[in-house]
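The model shown is predicted, which means the values in this text are computed figures rather than measured ones.
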Amino acid sequence: MTRPRIATCFTLLTAALLALSPTAAPAQDYPTKPIEIIVPFVPGGGTDLIARLISDYLGKKWNNPILVVNKPGGGGMIGARAALKEAKADGYTVLIDIHTTSSMHIGASKTPMLTLADRKYAGRLVRDPMVFAVKADAPWKNFKEFSDWVKANPEQLVWSTVGPAGPSRYTAYDWMTQIGVDPTKTKMVITKGAGDSFAQLAGGHVTLSIHSVAEANAMLKAGKIKLLAVLSPTRIKYIPDVPTAEEQGVMKGVRVQWWASVAFPAATPDPIVKKWEGAVAEMVKDPAFLAGAERISMNIDHLPAAEMRAFVEKEVEGYTDMASKIGIRR
């Protein structure tokens, strides 16, 4: 083969490899068609609220439709798989990834349906404490009183959780372990999301729901529920009258927290993920976006992509250990 022909072949091979590379796709023209943000739960929960805030903000910024699509079921895993494993990895399908579909799921499963290798992060947006909620007219005045009732009547406690490995279950098991109650004597009800969970609480179908501050605040303001405790080192500005669990002498430490991030299928071109990472970093500093977060009581706590992955990797270690100790790792 002559040198010019070798050079031509090399050029064509290089071009072909670049075309296949996930880092080759141009991002300067992205997006050119509607983007779908997958929420793996029913409307009304924290994941849905932050997705709609992102959709509104970036849709206007990029002058491009960004559609929120709810795909509930399987404790969030149906929607997460649809986004990360079944959708085309072209940047037009985005997942609002949370602890339930990542670190908690991996920690509770010896053969997880999704691993951290299945996703690329563009950053974390939210970190929010958990709260213990009961129906507005429930007889207990505080968390200590409620915990004493559960110790005496564990078989009467009916509590909701979003999936068998969600934050509600981790938190409930941690709480019951600390107050000396056998969780297997209580009744767990799996719901399709925080919105479904609080509807069941307000309707009297469950006794206790454990979700994030932002997820609970709308029902609290509507007078449908009351909060007995927040699982946080200190009180929270959105619910200043609600004491912490530790403050009431019921629980020590905070081992479970709610967070939300933006994630893509692992094969998504890097330039597109980088474009989202930059947009998210700008968004969380914009007063207009922060005002929207304030309206839904969402605690914005940003982490860039690399720090987000390190954060989740550490959470996986912690939840794996916790799931083993409380007996929910299968």
Side-chain angles (χ1 to χ4, degrees), residues 31 35-41 43-62 64 66-70 76 79-80 83-84 91 93-105 116 119-131 162 166-167 193-195 211-218 232 236-238 256-265 268 272-315:
I35 298 169
E36 286 193 351
I37 297 183
I38 303 296
V39 172
F41 304 104
T47 316
D48 183 70
L49 292 174
I50 191 65
R52 294 182 189 280
L53 200 60
I54 296 169
S55 165
D56 182 60
Y57 181 91
L58 288 184
K60 292 174 182 172
K61 178 181 176 67
W62 288 340
N64 184 76
I66 299 182
L67 312 173
V68 175
V69 179
N70 296 89
L84 299 181
T93 303
V94 183
L95 173 68
I96 300 300
D97 198 20
I98 67 171
H99 37 73
T100 305
T101 47
S102 58
S103 53
M104 289 182 175
H105 168 69
L116 293 186
R119 66 199 87 200
K120 284 179 181 173
Y121 284 111
R124 187 186 72 192
L125 290 93
V126 178
R127 188 164 58 160
D128 210 13
M130 307 293 287
V131 290
V162 180
H211 294 288
S212 73
V213 173
E215 290 173 324
N217 218 4
S232 169
I236 303 302
K237 66 176 181 178
Y238 296 123
V256 181
Q257 56 190 340
W258 195 100
W259 54 260
S261 69
V262 173
F264 294 84
T268 304
I272 289 177
V273 179
K274 281 286 184 187
K275 184 162 187 171
W276 267 85
E277 183 180 9
V280 168
E282 290 180 11
M283 181 171 67
V284 296
K285 296 176 183 174
D286 190 315
F289 177 81
L290 293 174
E294 186 88 13
R295 283 194 295 274
I296 57 174
S297 309
M298 196 70 79
N299 182 51
I300 300 301
D301 190 349
H302 176 243
L303 278 183
E307 292 177 38
M308 176 59 196
R309 179 162 288 277
F311 167 80
V312 180
E313 288 173 351
K314 189 174 181 181
E315 270 212 335

(message) Distance check, rounded to the nearest 0.5 Å: His302 atom NE2 versus Glu307 atom CD?
(response) 8.5 Å
(message) Taking the side chain as everything from C-beta on, heavy atoms only, tell me whether Leu303 gets closer than 4.5 Å to Tyr121.
(response) no
(message) Within the structure provided, determine whether Val131 and Trp258 are in side-chain contact (heavy-atom separation under 4.5 Å).
(response) no
(message) The criterion is salt bridge (Lys or Arg N to Asp or Glu O under 4.0 Å); which residues satisfy it with Arg52, sequence neighbours excluded?
(response) Asp48
(request) For Ser232, check side chain to side chain donor-acceptor pair (under 3.5 Å) against everything at least two apart and list the hits. (result) none
(message) Could you go through His211 and Val162, starting from their C-alpha distance and side-chain angles, then the distance that decides it, and tell me whether this counts as side chain to side chain contact (heavy atoms under 4.5 Å, CB included)?
(response) CA-CA 9 Å; His211 294 288; Val162 180; 3.5 Å; yes
(message) Does Ile37 form a side chain to side chain contact (heavy atoms under 4.5 Å, CB included) with Leu67? I'd like the steps, not just the answer.
(response) CA-CA 6 Å; Ile37 297 183; Leu67 312 173; over 6 Å; no
(message) Give me the atom names and distance for the closest heavy-atom approach of Thr100 to His105.
(response) O-CB, 3.3 Å
(message) As a quick check of understanding, evaluate side chain to side chain contact (heavy atoms under 4.5 Å, CB included) for Val213 and Asn299, giving each step before the final call.
(response) CA-CA 9 Å; Val213 173; Asn299 182 51; over 6 Å; no
(message) With a 4.5 Å cut-off on side-chain heavy atoms, are Ile66 and Ile54 touching?
(response) no
(message) Is the shortest side-chain heavy-atom distance between Pro40 and Thr47 below 4.5 Å?
(response) yes
(message) Test side chain to side chain contact (heavy atoms under 4.5 Å, CB included) on Val256 and Met104; report intermediate values, then the result.
(response) CA-CA 10 Å; Val256 181; Met104 289 182 175; 3.5 Å; yes
(request) Over all heavy atoms of both residues, which pair between Ala83 and Thr93 is shortest? Give the atoms and the distance, please. (result) CA-CG2, 3.9 Å
(message) What's the separation between atom CG in Asn217 and atom CG in Asp128, rounded to the nearest 0.5 Å?
(response) 9.5 Å
Which side-chain N or O atoms in residues 277-290 pair as donor and acceptor under 3.5 Å with protein atoms at least two apart or in another chain?
from   : atom 1 : to     : atom 2 : distance (Å)
Glu277 : OE2    : Ala305 : N      : 3.0
Glu282 : OE1    : Lys61  : NZ     : 3.1
Asp286 : OD1    : Ala288 : N      : 2.8
Asp286 : OD2    : Tyr57  : OH     : 2.8

(message) As an exercise, state the distance from CG of Leu58 to CG of Leu53, rounded to the nearest 0.5 Å.
(response) 9.5 Å
(request) Looking only at non-hydrogen atoms, find the nearest pair between Ile300 and Ala293 and report the distance. (result) CG1-CB, 3.6 Å
(message) Working to the nearest 0.5 angstrom, can you tell me the gap between Leu49 CG and Met298 CE?
(response) 5.0 Å
(request) Measure across Val68 and Ser55 and return the closest heavy-atom pair with its distance rounded to 0.1 Å. (result) CG2-CB, 3.8 Å
(message) Working to the nearest 0.5 angstrom, can you tell me the gap between Lys274 NZ and Lys120 NZ?
(response) 10.5 Å
(request) Enter the distance from Asn70:CG to Ile96:CD1 here, rounded to the nearest 0.5 Å. (result) 11.0 Å
(message) Heavy-atom count check: over 12 atoms from other residues, nucleotides or ligands less than 6.0 Å from Lys275 NZ?
(response) yes
(request) For Phe264, enumerate each residue passing the ring-ring contact (aromatic ring centres under 6.0 Å, His included) test, keeping only those at least two apart in sequence or located in another chain. (result) Trp276
(request) With sequence neighbours left out, write down each residue that passes salt bridge (Lys or Arg N to Asp or Glu O under 4.0 Å) with Glu294, or none if nothing qualifies. (result) Lys237
(request) Indicate the atoms forming the closest heavy-atom contact of Ala263 with Asp97, along with that distance. (result) CB-CB, 3.8 Å
(message) Can you list everything that forms a ring-ring contact (aromatic ring centres under 6.0 Å, His included) with Trp259? Sequence neighbours excluded, please.
(response) His99, Phe311
(request) Give the minimum heavy-atom separation between Ala194 and Gly45, together with the two atoms involved. (result) CB-CA, 4.1 Å
